[in-house]
Amino acid sequence: MFKHLQHFLAGTLRRQVTVGMIGAVTLVMSFFVVDMTRRHYQAINLQQVGQAASLARSVATSSAVWVASRDFAGLQEIVAGLASYPDLRFAIVLDPSGLVIAHHEANRRGLYLSDLPQVAELQVLRQDDVLVDIANPILMGGKTIGWVRIGLGHASFQSQLTGMARDALAYVLLAIVLSSLVALWVGRYLTRRLHAIQQVADAVEAGDTSMRVAMTGNDEAARLARQFNAMLDSLERQQAELQKYQHHLETLVEERTAALSVAKEAAEAANRAKSTFLANMSHELRTPMNGVMGMIDLVARRITDAKQKEQLLKAHQSAKNLLHIINDILDISKIEAERLTLDQVSFNFGEVLENLASLFAQKIQDKGLSLRIELAPALTHHEFVGDPLRLGQVLLNLTGNAIKFTEQGSITVRTRMIEENAHDVLLRCEVQDSGIGIAAEDQKRLFTAFEQADGSMTRKYGGTGLGLAISKRLVRMMGGEIGVESAVGQGSTFWFTIRLGRASAVNAAVSPAPTFAQNTAEAQLKTQFAGIRVLLAEDEPINQEVSSGLLEEAGLQVDLAEDGLEAVALARQNRYALILMDIQMPKLNGVDATRAIRALPGYGQIPILAMTANAFDEDRQVCLDAGMDDHIAKPVVPAHLYETLLRWMPPQSP
């Protein structure tokens, strides 16, 4: 059966489109109906409980006097009046001992009920698909003088639920029918255009190159058909020229028997030219087909030169890693939500410290300080298993703080092993500075989020107060502790311990440690702004493809305008977080389009970035004078594009 189903789904494109659309619509509508039925059923239960509770309270209030005066006839009249209440299963008034003193069915008076609640308050004794049973005490002077029991069934609500399910089923069937019609129309449209190309291809395969694809429009199929026709025209011209040349060779052979060998070589050369030409034409045919497929899955940014790739990674490694690590708000939220996990990869501790030293080399030099790295010899080339990125983040936070609060002297980073066994080791890392020091009462607040040793330091030293809080949580996740030893005016020593596995104790399939260049601006766009809607105004088709691909690679939703007038129209119809504007466009250029968009309601502060080949300073100034916020020169460097986008993206709510 599975093979038959697989064969059915692997049939024609029309069948696949039809089955796919019908299946998707059926699945979504089914989920919707089930969910709405469940929600309605829950609402029915809540409503039924509320009605029963309200009725029980009302009866308890109105019958208190009758119970106290032992006027059972009056009670029976109150209860009997409820007999016509919708879905009423029973209405009972009992004394504290459980004696039925009033019942909506009068013949049941005098019976006893033993399941009265122990606490004098309204209670739900039963709630299921059949019955809701509510007990409410009858109080007078703070004393329980009796109980009211109300039971309601679900008959009327079940009929509502049945009616809703019937209506929902009708809508599901209607949706399936409509989606089937749409799918059949779409499938027929697509297959008809593809079939026209296939017919000509079959004719070419049979040797007839005179047929052409007759197709109108400007979609992918029409463009492919025009390119296919152009290829056939070129092929026919080449074949005609080749036939003419071959005829000329035959004439030469007849006239010049002595030059037979030369003519033979020329014919072979012509044949090789034909083969080369046919190979090129075959390539040209596959290229537009690949272009159509590539529009779906565009991969436009590839560095093929290994040396250039290595140099680029080295040049941007520290900056990208830093951008990723200092995203403190995201880190703290992930940790609090217990969504942050640590990698377990093999790495060299010495390389982590080497990266740390290279990151702060310029800052250390600028402040006239010295940085000393003290690593126990046994750890220099030892391979550990853990998360080097998060370990480096803790060291970066502590070392950065030490440099920030030290005006002269030195910073020392030392690491030693304090415990080891066959599977893991416990390391102690210290960051010692000769800075301003921390008072004892302030040390208690250091590792609390958004806290600093002294609130007045914010203006002088800056900082969010999250670095130490994140470091504390990361250290604890790595099986260690963190602390500080400090005195005012005598510097500080921040220390932490971490437990790392031994590389030899881990399966050899453990992946290598990640590099420290993973947090690119592109990654931040994907993390923080995925799905954000932007407008791209670009008239040149290839640039449209490249720019749209780069933006979509960063997780952005792109609307495309092919000229300035269309850009203004789209901005008037939709709300965009950011607009990328070409300058030279037909109908309305980018400068005038920017001025028109700025005049629209709500677009006074929306970032508009020029993305143009007009790259001189005066061109940039023209863009800024027109109301644009920034300028991106072509050819666009992806990293610069993402950094600029990230800089101008509006703040997002957490």
Side-chain angles (χ1 to χ4, degrees), residues 21 24-25 28 32 175 178-179 182-183 185-186 189-190 216-223 295-296 298 300 525-526 528-614 622-632 634 636 641-642 644-653:
M21 185 173 294
V25 171
V28 171
F32 175 76
L178 292 178
S179 64
V182 173
W185 181 84
V186 171
Y189 176 79
L190 290 176
T216 59
N218 196 36
D219 56 15
E220 289 81 357
R223 291 198 295 269
M295 294 290 290
I296 302 172
L298 182 62
L525 287 172
K526 289 181 179 178
Q528 302 176 27
F529 302 99
I532 292 294
R533 196 173 185 183
V534 299
L535 174 62
L536 171 64
E538 173 64 64
D539 65 302
E540 207 283 320
I542 296 179
N543 285 337
Q544 291 174 357
E545 180 178 358
V546 173
S547 300
S548 298
L550 290 174
L551 296 172
E552 290 168 356
E553 283 289 320
L556 304 178
Q557 181 180 348
V558 183
D559 285 357
L560 180 63
E562 296 187 351
D563 55 64
L565 286 178
E566 187 176 355
V568 176
L570 288 174
R572 183 178 292 109
Q573 297 170 8
N574 307 298
R575 182 70 175 179
Y576 297 103
L578 184 142
I579 299 175
L580 290 165
M581 182 72 67
D582 191 15
I583 299 302
Q584 296 185 5
M585 293 186 295
K587 298 183 181 179
L588 187 68
N589 61 52
V591 172
D592 294 335
T594 298
R595 294 193 179 102
I597 291 175
R598 285 294 186 213
L600 296 177
Y603 275 95
Q605 301 299 325
I606 297 299
I608 301 179
L609 311 181
M611 190 163 67
T612 173
N614 299 349
V622 169
C623 297
L624 298 179
D625 292 342
M628 299 186 187
D629 297 286
D630 211 334
H631 180 278
I632 303 172
K634 295 179 181 177
V636 175
L641 172 64
Y642 294 140
T644 306
L645 290 175
L646 189 62
R647 183 164 61 250
W648 288 104
M649 277 294 182
Q652 297 297 300
S653 300

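In this text, all values refer to a predicted model and were calculated from it rather than measured experimentally.
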Spacing of CG belonging to Leu570 relative to CG belonging to Leu565, to within rounding of 0.5 Å: 11.0 Å
All salt bridge (Lys or Arg N to Asp or Glu O under 4.0 Å) counterparts of Arg572, not counting sequence neighbours: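 Partners of Arg572 by the salt bridge (Lys or Arg N to Asp or Glu O under 4.0 Å) criterion come out as none, since no residue qualifies.
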Identify the two heavy atoms, one from Tyr576 and one from Tyr603, that lie closest to each other, and give their separation to 0.1 Å.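 Shortest heavy-atom separation between Tyr576 and Tyr603 comes out as N-OH, 3.2 Å.
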List the steps and the verdict of side-chain hydrogen bond (donor to acceptor under 3.5 Å, both in side chains) for Asp629 and Trp648. CA-CA 8 Å; Asp629 297 286; Trp648 288 104; over 6 Å; no
Holding to salt bridge (Lys or Arg N to Asp or Glu O under 4.0 Å), I want the full list of residues that pass it with Asp625, two or more places apart in sequence or in another chain. none
Roughly how far, to the nearest 0.5 Å, is the CG atom of Leu580 from the CG atom of Asp630?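 The CG atom of Asp630 sits 10.5 Å away from the CG atom of Leu580.
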Side chain proximity check, Leu556 to Leu578, heavy atoms < 4.5 angstrom: no
Could you tell me whether the side chain of Met649 reaches within less than 4.5 Å of the side chain of Val534, counting heavy atoms only?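 Val534 reaches Met649 side chain to side chain.
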Do Ser548 and Leu536 have side chains that get closer than 4.5 Å, going by heavy atoms?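 Ser548 vs Leu536: side chains touch.
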CD/Gln605: more than 12 non-hydrogen atoms of other groups inside 6.0 Å: no
So, does Tyr642 use its side chain to make a donor-acceptor pair with the main chain of Leu550 at under 3.5 Å? yes
With sequence neighbours excluded, tell me which residues meet salt bridge (Lys or Arg N to Asp or Glu O under 4.0 Å) with Asp539. none
For the student: nearest non-hydrogen atoms of Val568 and Leu600, plus distance: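 What the structure gives for the nearest pair is O-CD1, 4.1 Å.
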Check the pair Phe529, Leu645 against side chain to side chain contact (heavy atoms under 4.5 Å, CB included), reporting the backbone distance first and the verdict last. CA-CA 10 Å; Phe529 302 99; Leu645 290 175; over 6 Å; no
Enter the distance from Leu641:CG to Glu553:CD here, rounded to the nearest 0.5 Å.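 The CD atom of Glu553 is 12.0 Å from CG of Leu641, to the nearest 0.5 Å.
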Using side chain to side chain contact (heavy atoms under 4.5 Å, CB included) as the criterion, list what pairs up with Ala626, not counting sequence neighbours. Val591, Arg595
If you round to the nearest 0.5 Å, how far is CG of Leu525 from CG of Leu646?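 With rounding to 0.5 Å, CG (Leu646) is 5.0 Å from CG (Leu525).
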What heavy-atom pair brings Cys623 and His631 nearest, and what distance separates the two atoms? SG-CD2, 4.0 Å
Is any side-chain heavy atom of Ile606 less than 4.5 Å from a side-chain heavy atom of Ile597? no
Minimum-distance pair of heavy atoms, taken over all atoms of Ala561 and Leu535: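 In this case the closest contact between Ala561 and Leu535 is CB-CD1, 4.2 Å.
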Only counting residues at least two apart or in another chain, list the ones meeting side chain to side chain contact (heavy atoms under 4.5 Å, CB included) with Thr594.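 For Thr594 the side chain to side chain contact (heavy atoms under 4.5 Å, CB included) partners, ignoring immediate neighbours, are Met581, Arg598, Ile608, Met628.
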Do you know the tightest heavy-atom contact between Ala567 and Ala537?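 Looking at all heavy atoms of both residues, the closest pair is CB-CB, 4.0 Å.
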Would you mind listing every salt bridge (Lys or Arg N to Asp or Glu O under 4.0 Å) that reaches into residues 554-567, with sequence neighbours excluded? Arg533-Asp559, Asp563-Lys587
When you measure from the side chain of Gln544 to the backbone N and O of Glu538, does any donor-acceptor pair fall under 3.5 Å? yes
